[in-house]
Asks: 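Got a structure for you, questions after.
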Amino acid sequence: MEQLFKLKENGTTARTEILAGLTTFMTMAYIIALNPNLLTDFAVGTPLWNGVFLATCLASALGTACMAFLANKPFVMAPGMGLNSFFAVIAGNIAAMTNTDYVNAFQAALCIILVEGIVFICLSVLNIREKIVYAIPVGVRLGIGPAIGLMLMNIGFGSNAGVHFSTFFAMRDFFGAMTPSVFKKTIEEAGGNYSEMVLTVITMFVGLFVIILLAKKGVKAAVLLGMLAASGVYWLGEAAVLHVNPFASLATASFIPPFHDMVATTLFKFDFSHFFSIGWFTAITLIITFCMIDMFDTIGTLVGTASRAGMTDKDGSMPNMKEALLSDAIGTVAGACSGTSTVTTFVESASGVEAGGRTGLTALTSAAMFLACIFIAPIAAIIPAPATSAALIYVGILMLQGLQNIDFNDIDQIVPVCIMLLAMPISGSIGHGIGLAMISYTVIKAFSGKAKEVSALTYVISALFLVKFFAVV
């Protein structure tokens, strides 16, 4: 491990790295079931669902292993949230436009991901993606980490804390209610379970404060132990209050991987004939859209998480950026070949970094867990969402500390950063937040007599985002 990952040089140990890898995996284990749910419209148990499930595990493991060995970074990859929902919409539109079934349309949409991944491999090898990273102004680069922190907190308090009938936001729906009795009546009339919401909120805060107290005592595994404590609280609440067996799903769970379904539905199933039947212009537009979203989501996650881990210099640049971007591109190609949407670096990697992960051993541990989930997915599925929410909120709070590196007296820096701080959590997209920050930075410089301070590549990127946001295609 020392020879492979240079543990001493990075000030870490094998034990710390493995714990960090487990922590990252637990915070993002939800993707194993959620990704096939979103890509197949919750058609659980169908051949396509089984194929996407296996593709999710295999592509995540392969991409993350590349990150471990090529870049020696603690970042973990999986099919990106937002991108998978967009992929499902595109597949549905292809089905409608070509008058075919969803499976054929899904296989046609995989062509987008394959082309995107190949384009990214070429751009990474030619150092073009790395140049794009450095075209992002220093102030914006320094603000990416805190903006991601706010997005993590938003995910923790909201979209990750789901109950059986819907997703709710703790700060808006629970603490924003006029009175508990009115809120309870409203929720139950809508078919929800008020007791489940209470349990979710309690679990979230128990986990958060356990993590904080353990971290204050210098416990390296604070995030992991806090998630386990929160899980215990939730399981007890399910049994005692909701009268539900939290482990009931294990009794009927199958631990045999459905490889035959994957071979039949998703493995190397590229349907170019249906894809190009939607028209060349539409096809190329879709590929460019996926490329832009994925590129800036990945760049933002790498820069933001690396800055929190102290892996960047004063200008927010990270060593081995080329190798990290190449690993991400390989993961996307692996996802397309196995049968899932764009594989990208996950923002939840920040939880492993906070647990002490500094090298590729953290990533390799998470990759091993994804492979294991081919056989033990039912066990990973019983980790409650509120437990992972606690970890995301804690890491988000810590990432906000990066704001101290930004010059608040420089209006050219603070305006783009403030817009990005608001845009990321609301849009749910790292790439869109960076795009709005780039546009605002360029406009301020160009119209205040400082146009020459903006690089040509920065102008190009800002123009591309303007087209993406406002052009009707």
Side-chain angles (χ1 to χ4, degrees), residues 1 3-7 10 17-18 20-22 24-25 28-29 31-32 35 54-80 83-84 110 113-130 132-133 267-268 290-291 294-303 305-306 309 311 318-350 352-353 357-374:
M1 294 299 102
Q3 290 178 343
L4 280 173
F5 301 112
K6 300 179 176 61
L7 302 179
N10 287 281
E17 294 292 300
I18 291 170
L22 292 173
T24 299
F25 174 76
M28 57 187 288
I31 197 65
I32 295 168
N35 190 55
L54 287 177
T56 301
C57 295
L58 291 172
S60 300
L62 180 58
T64 303
C66 287
M67 183 70 75
F69 292 115
L70 293 180
N72 193 24
K73 297 298 181 187
F75 307 128
V76 181
M77 285 184 273
L83 287 165
N84 51 13
L110 285 177
I113 311 304
L114 178 64
V115 175
E116 174 196 352
I118 293 172
V119 168
F120 278 171
I121 288 178
C122 295
L123 293 179
S124 300
V125 171
L126 296 173
N127 294 328
I128 296 175
R129 286 183 86 187
E130 195 171 7
I132 291 173
V133 174
L267 187 63
F268 293 103
F290 267 95
C291 283
D294 182 28
M295 181 181 296
F296 285 94
D297 274 10
T298 299
I299 289 171
T301 302
L302 290 174
V303 172
T305 308
M311 297 178 186
M318 183 186 79
N320 292 350
M321 176 64 81
K322 176 181 177 180
E323 291 80 0
L325 293 170
L326 180 60
S327 301
D328 179 87
I330 293 172
T332 295
V333 172
C337 293
S338 56
T340 185
S341 55
T342 304
V343 173
T344 187
T345 306
F346 251 56
V347 70
E348 281 84 350
S349 299
V353 167
R358 292 295 181 272
T359 73
L361 183 53
T362 293
L364 186 61
T365 302
S366 296
M369 291 302 296
F370 273 112
L371 280 180
C373 273
I374 293 174

Asks: Quick one: does D328's side chain get under 4.5 Å of D294's, heavy atoms only?
Replies: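 When only atoms from C-beta onward are counted, D294 and D328 do touch, with a gap below 4.5 Å.
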Asks: For T301, give me all partners under side chain to side chain donor-acceptor pair (under 3.5 Å), at least two apart in sequence or on another chain.
Replies: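 In terms of side chain to side chain donor-acceptor pair (under 3.5 Å), with neighbours along the sequence ignored, T301 is linked to no residue.
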Asks: Who are the salt bridge (Lys or Arg N to Asp or Glu O under 4.0 Å) partners of R358, not counting sequence neighbours?
Replies: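 Testing R358 for salt bridge (Lys or Arg N to Asp or Glu O under 4.0 Å), a comparison that skips the adjacent residues, returns none.
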Asks: For the pair N84 (side chain) and N35 (backbone), establish whether a donor and an acceptor sit closer than 3.5 Å, ignoring hydrogens and angles.
Replies: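 Not a single qualifying donor-acceptor pair exists.
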Asks: Is there a side-chain contact between V76 and T345 in this structure, where contact means two heavy atoms from C-beta onward sitting under 4.5 Å apart?
Replies: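 No; the side chains remain at least 4.5 Å from each other.
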Asks: Using side-chain heavy atoms (C-beta onward) and a distance below 4.5 Å, is V303 in contact with M321?
Replies: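 SC-SC contact between V303 and M321 confirmed.
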Asks: Please report the closest heavy-atom contact between F75 and A363, naming both atoms and the distance.
Replies: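 In this case the closest contact between F75 and A363 is O-CB, 3.5 Å.
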Asks: Can you name the closest pair of heavy atoms from T340 and P79 and give their distance?
Replies: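 It is OG1-CG, 3.5 Å.
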Asks: Considering all heavy atoms of both residues, which atom of M77 and which atom of S60 are nearest to each other, and what is their separation?
Replies: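 Scanning both residues, the minimum pair turns out to be O-CB, 3.3 Å.
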Asks: Would you kindly say whether T342 and E116 are connected by a side-chain donor-acceptor distance under 3.5 Å?
Replies: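 Judged by distance alone, the side chains do pair up.
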Asks: Which heavy-atom pair separates N10 from N72 by the least distance, and what is that distance?
Replies: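 Shortest heavy-atom separation between N10 and N72 comes out as ND2-ND2, 4.2 Å.
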Asks: Within the 4.5 Å heavy-atom criterion, are T64 and F346 side-chain neighbours or not?
Replies: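 Answer no - side chains too far apart.
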Asks: Is there a donor-acceptor pair closer than 3.5 Å between any side-chain N or O of T359 and the backbone N or O of K73?
Replies: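 Side chain of T359 to backbone of K73, a donor-acceptor pair under 3.5 Å: no, none is there.
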Asks: Quick one, L4 and L364 - any side-chain contact, counting heavy atoms below 4.5 Å?
Replies: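 Of all side-chain heavy-atom pairs linking L364 with L4, none is under 4.5 Å.
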Asks: Does K6 NZ have over 12 foreign heavy atoms under 6.0 Å away?
Replies: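 No, NZ of K6 has 12 or fewer neighbouring heavy atoms, counting only those of other groups under 6.0 Å.
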Asks: Of all residues at least two apart in sequence or in a different chain, which pass the side chain to side chain donor-acceptor pair (under 3.5 Å) check with T362?
Replies: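 Residues passing side chain to side chain donor-acceptor pair (under 3.5 Å) with T362: E17.
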Asks: Side-chain contact test, heavy atoms from C-beta onward, threshold under 4.5 Å: evaluate it for T332 versus I113 and give yes or no.
Replies: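 Yes, at least one pair of side-chain atoms sits under 4.5 Å.
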Asks: Is a side-chain donor-acceptor pair under 3.5 Å present for S349 with T24?
Replies: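 Looking only at side-chain atoms, S349 and T24 do not form any donor-acceptor pair under 3.5 Å.
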Asks: Grab the two heavy atoms, one from M295 and one from I132, that are nearest each other, plus how far apart they are.
Replies: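 Minimum heavy-atom contact is SD-CD1, 3.5 Å.
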Asks: How close do S327 and C66 get, counting heavy atoms only, and between which atoms?
Replies: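 For S327 versus C66, the nearest heavy atoms are OG-O, 3.2 Å.
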